[in-house]
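Here is the structure we will look at, set down as structure tokens.
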Amino acid sequence: MKIVFLTGAGISAPSGIPTFRCEGGLWSTIDINEVATRTAIATKPDEVVKFWDDIRVDMFNKQPNQAHLAISELQSTHDVVVLTQNVDDLHEKAGSKNILHLHGDILHARGFDSLAPTYIGYDKTPIGMRQNIVLFGEPVRDFLIAKQHIIECDVFVVVGTSLNVHPVNSLLKTKFHMQKIIVDIEKHHKYGYENLVGSADVVLPQLIQRWL
Ligand code: NAD
């Protein structure tokens, strides 16, 4: 069976990485336009790069939770693809192999005019480079490949995303007839999805028992 997961900040919240939009989340105290847009990085690159370097420092030592681990465990018996909006490396740390970072990832850097990523791990971003992440106004990575995986899958599971960010939120409208499920602490009324309401680290391992 092919199972595709689309994950957002909520899956990493139980690991201690704050979401952006929940109460107390990053965007409740920081203006997106100052640090997270194409214009911001073009006009004040040093400030924006420092902001995301500080985020990376906060991610150091964070460990995958039961949700990341349950997804990884499923790989031994099923064809599993992880489409993530997250820039952290918790799916990798959990052992998942087939991962597409639609919004890039923070452990790679790239030149300001290049999309070619260089692994830097948790080091400071080298001078003349920026984090390999997708800021607002920049194109999403691997979108059509992601869509194709969804079209081909038997089960599509959306985990811990507010579905506010375009175009990734449009992936939920992909025409398909597979089983489709949303796991989130909030109920989302979307296109006939089964809603499992609760924390991803509790609900996802229970859900995954269906297929083990
Ligand atoms: P978001 O902050 O907009 O939404 C978070 C969602 O997670 C909400 O729907 C919330 O109800 C849900 N949630 C919170 N705690 C949860 C839990 N314990 N279990 C299940 N669900 C939970 O985040 P988003 O939708 O991913 O989109 C915003 C952007 O934020 C993405 O592009 C992503 O790259 C970025 N982001 C990434 C990280 C990370 O890499 N860990 C962290 C914060 C934001």
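Just so you know, ligand 1 is whichever comes first in the structure, and atom 1 is the first atom listed for that ligand. As the structure is a computational prediction, the values presented were derived from the model and not from experiment.
- Within the 4.5 Å cutoff, no side-chain heavy atoms of Gln85 are placed close to those of Val140.
- Donor-acceptor pairing under 3.5 Å is recorded for the side chains of Thr7 and Thr84.
- Every N/O-N/O distance between Ile17 and ligand 1 stays at or above 3.5 Å.
- For ligand 1, the atoms lying closer than 4.0 Å to a non-hydrogen atom of Pro18 are 42 (C), 43 (C).
- Remark: Glu73 CD is loosely packed, at most 12 non-hydrogen atoms of other residues, nucleotides or ligands lying under 6.0 Å away.
- Inter-residue side-chain proximity for Leu115 and Arg110 is flagged as met; some heavy-atom pair is nearer than 4.5 Å.
- Listed by number with element, the atoms of ligand 1 under 4.0 angstrom from any heavy atom of His188 are 9 (O).
- Atom 31 (C) of ligand 1 has His103 ND1, 3.6 Å as its closest protein atom, hydrogens excluded (heavy atom only).
- What sits closest to atom 40 (O) of ligand 1 on the protein, heavy atoms only, is Val87 N, 2.8 Å.
- Proximity to Gly160 (heavy-atom distance under 4.0 Å) selects the following atoms of ligand 1: 5 (C), 6 (C), 7 (O), 21 (N).
- Proximity of Phe136 to Ile32: side-chain heavy atoms (C-beta onward) are separated by under 4.5 Å at one or more points.
- Listed by number with element, the atoms of ligand 1 under 4.0 Å from a non-hydrogen atom of Ala200 are 17 (C), 19 (N), 20 (C).
- Remark: Lys180 is not positioned above the aromatic ring of Phe156, lacking an NZ or CZ atom under 6.0 angstrom from the ring centre and at most 45 degrees off the axis.
- Atoms of ligand 1 lying under 4.0 Å from at least one heavy atom of Pro14, given by number and element, are 18 (N).
- Remark: minimum distance from atom 16 (C) of ligand 1 to any protein heavy atom is reached at Gly10 O, 3.5 Å.
- Checked by distance only, ligand 1 and Asp201 stay at 3.5 Å or farther apart across all their nitrogen or oxygen atoms.
- Ligand 1 has an N or O atom lying under 3.5 Å from an N or O atom of Phe20, backbone or side chain.
- There is no side-chain donor-acceptor pair under 3.5 Å between Asn132 and Tyr119.
- The protein non-hydrogen atom at the shortest distance from atom 18 (N) of ligand 1 is Ser199 OG, 2.9 Å.
- Set against the non-hydrogen atoms of Ala13, the atoms of ligand 1 under 4.0 Å away are 15 (N).
- Close approach to Ser12 involves these atoms of ligand 1, each under 4.0 Å from a residue heavy atom: 41 (N).
- Comparing heavy-atom distances from atom 25 (O) of ligand 1 across Leu196, Leu163, Thr161 singles out Thr161 as nearest.
- Of the protein's non-hydrogen atoms, the one nearest atom 37 (C) of ligand 1 is Asn86 OD1, 3.6 Å.
- Using a cut-off of 4.0 Å between Lys/Arg side-chain N and Asp/Glu carboxylate O, Glu138 and Arg38 are scored as not salt-bridged.
- Of the N or O atoms in Gln85, one or more lie within a sub-3.5 Å distance of an N or O in ligand 1.
- For the pair Gln75 and Lys97, the minimum side-chain heavy-atom distance is below 4.5 Å.
- A salt bridge does not link Lys50 with Asp46: none of the charged nitrogens is closer than 4.0 Å to a carboxylate oxygen.
- By heavy-atom distance, the residue among Gly198, Gly104, Ser162 lying nearest atom 1 (P) of ligand 1 is Ser162.
- Heavy-atom contacts from other residues, nucleotides or ligands closer than 6.0 Å to NZ of Lys147 number 12 or fewer.
- With salt bridges taken as basic N to acidic carboxylate O contacts below 4.0 Å, one links Lys44 and Glu34.
- Closest to atom 10 (C) of ligand 1 among all protein heavy atoms lies Asp184 OD1, 3.3 Å.
- Among all protein heavy atoms, the one lying closest to atom 15 (N) of ligand 1 is Ile185 CD1, 3.6 Å.
- The backbone N or O of Ala9 sits nowhere less than 3.5 Å from a side-chain atom of Ser12 that would complete a donor-acceptor pair.
- Under a 4.0 Å criterion applied to the non-hydrogen atoms of Gly8, ligand 1 contributes the atoms 26 (O).
- Across Asp54, Asp58, Asp53, a single residue satisfies side chain to side chain donor-acceptor pair (under 3.5 Å) together with Arg56, and that is Asp53.
- For atom 28 (C) of ligand 1, the closest heavy atom belonging to the protein is Arg21 NH1, 3.2 Å.
- Nearest-heavy-atom check against atom 41 (N) of ligand 1 across Val168, Asp88, Asp105 picks out Asp88.
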